[in-house]
Amino acid sequence: FARQHGGNQIVIVPDYDIDIARAMYAGVDVWLNNPIRPHEACGTSGEKAALNGVLNCSIADGWWADWYTEGIGWVIPTSEATDGPERDREEAAALHAVLTGDVLRLFNGSADGWWSMVTTMLRHLGPLVTAGRMVAEYDRRFYTPIRSGRPVQAAAGS
């Protein structure tokens, strides 16, 4: 499948489990996520990466669009093109520019600069990307109104 469809850019990890995930996240400096907007799934992999001190570089979609702020990672500019190949070319160029400019400049710069961004990211995202925060929000927005007979609040962005 990878040779036919992915140009050898697809990796399948057989028997993926928590131990493999732990090893993979521990060896990552930047979590790259470039979905086709607006088709981001839930974003839990990027959130988990953030909780493990990994900086995110992503299209502004899903959770990253909601919680990104300057100085905690990087946003890949998205194309306004409706043509798939044109959009892909523009977004590939934007990704290349972010990686070779912003990400590599910081990575190859002082360790203090990189660590400063990691600690800023953890302070900002740490409280937001936990299961406890999510469950509390779901309870407040959905379960409590249902139990009390009140209308349910619309989801963000809908």
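- Annotation: salt bridge (charged side-chain N to carboxylate O under 4.0 Å, His left out) contacts of Asp83 (sequence neighbours excluded): none.
- Side-chain heavy atoms closer than 4.5 Å link hydrophobic residues (I, L, V, M, F, W, Y) into clusters, and following such links, possibly through other members, connects Leu51 to Leu125.
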Original post:
Hey, mind stepping through Asp139 and Arg147 against side chain to side chain contact (heavy atoms under 4.5 Å, CB included) and telling me if it holds?
Top reply: CA-CA 10 Å; Asp139 182 60; Arg147 284 191 302 267; 3.0 Å; yes

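- Connection of Tyr16 to Val54 is established within a shared hydrophobic cluster, with ILVMFWY side chains joined at heavy-atom distances below 4.5 Å, either directly or through further cluster members.
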Original post:
Does the side chain to side chain contact (heavy atoms under 4.5 Å, CB included) test come out yes or no for Leu128 and Asp66, once each step is laid out?
Top reply: CA-CA 10 Å; Leu128 298 173; Asp66 292 338; over 6 Å; no

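- Residue Met134 is grouped with residue Ile146 when hydrophobic side chains (ILVMFWY) are merged at heavy-atom distances under 4.5 angstrom, including chains of intermediate members.
- Every side-chain contact (heavy atoms from CB on, under 4.5 Å) that Val98 has, sequence neighbours left out, goes to Cys57, Trp74, Pro77, Asp102, Val103.
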**OP:** Decide yes or no on side chain to side chain contact (heavy atoms under 4.5 Å, CB included) for Leu55 and Asp29, but give the supporting numbers first.
**Re:** CA-CA 6 Å; Leu55 298 173; Asp29 294 305; over 6 Å; no

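- How far OH of Tyr138 is from CZ of Arg133: 8.0 Å, rounded to the nearest 0.5 Å.
- Contact between Ile72 and Trp67 at its shortest, heavy atoms only, is CD1-O, 3.8 Å.
- The shortest heavy-atom contact between Ile20 and Pro14 is CD1-O, 4.0 Å.
- In this structure, the separation between OG1 on Thr78 and CZ on Arg87 is 10.0 Å, given to the nearest 0.5 Å.
- Hydrophobic cluster membership differs between Val30 and Leu104, with clusters built from Ile, Leu, Val, Met, Phe, Trp and Tyr side chains linked at under 4.5 angstrom.
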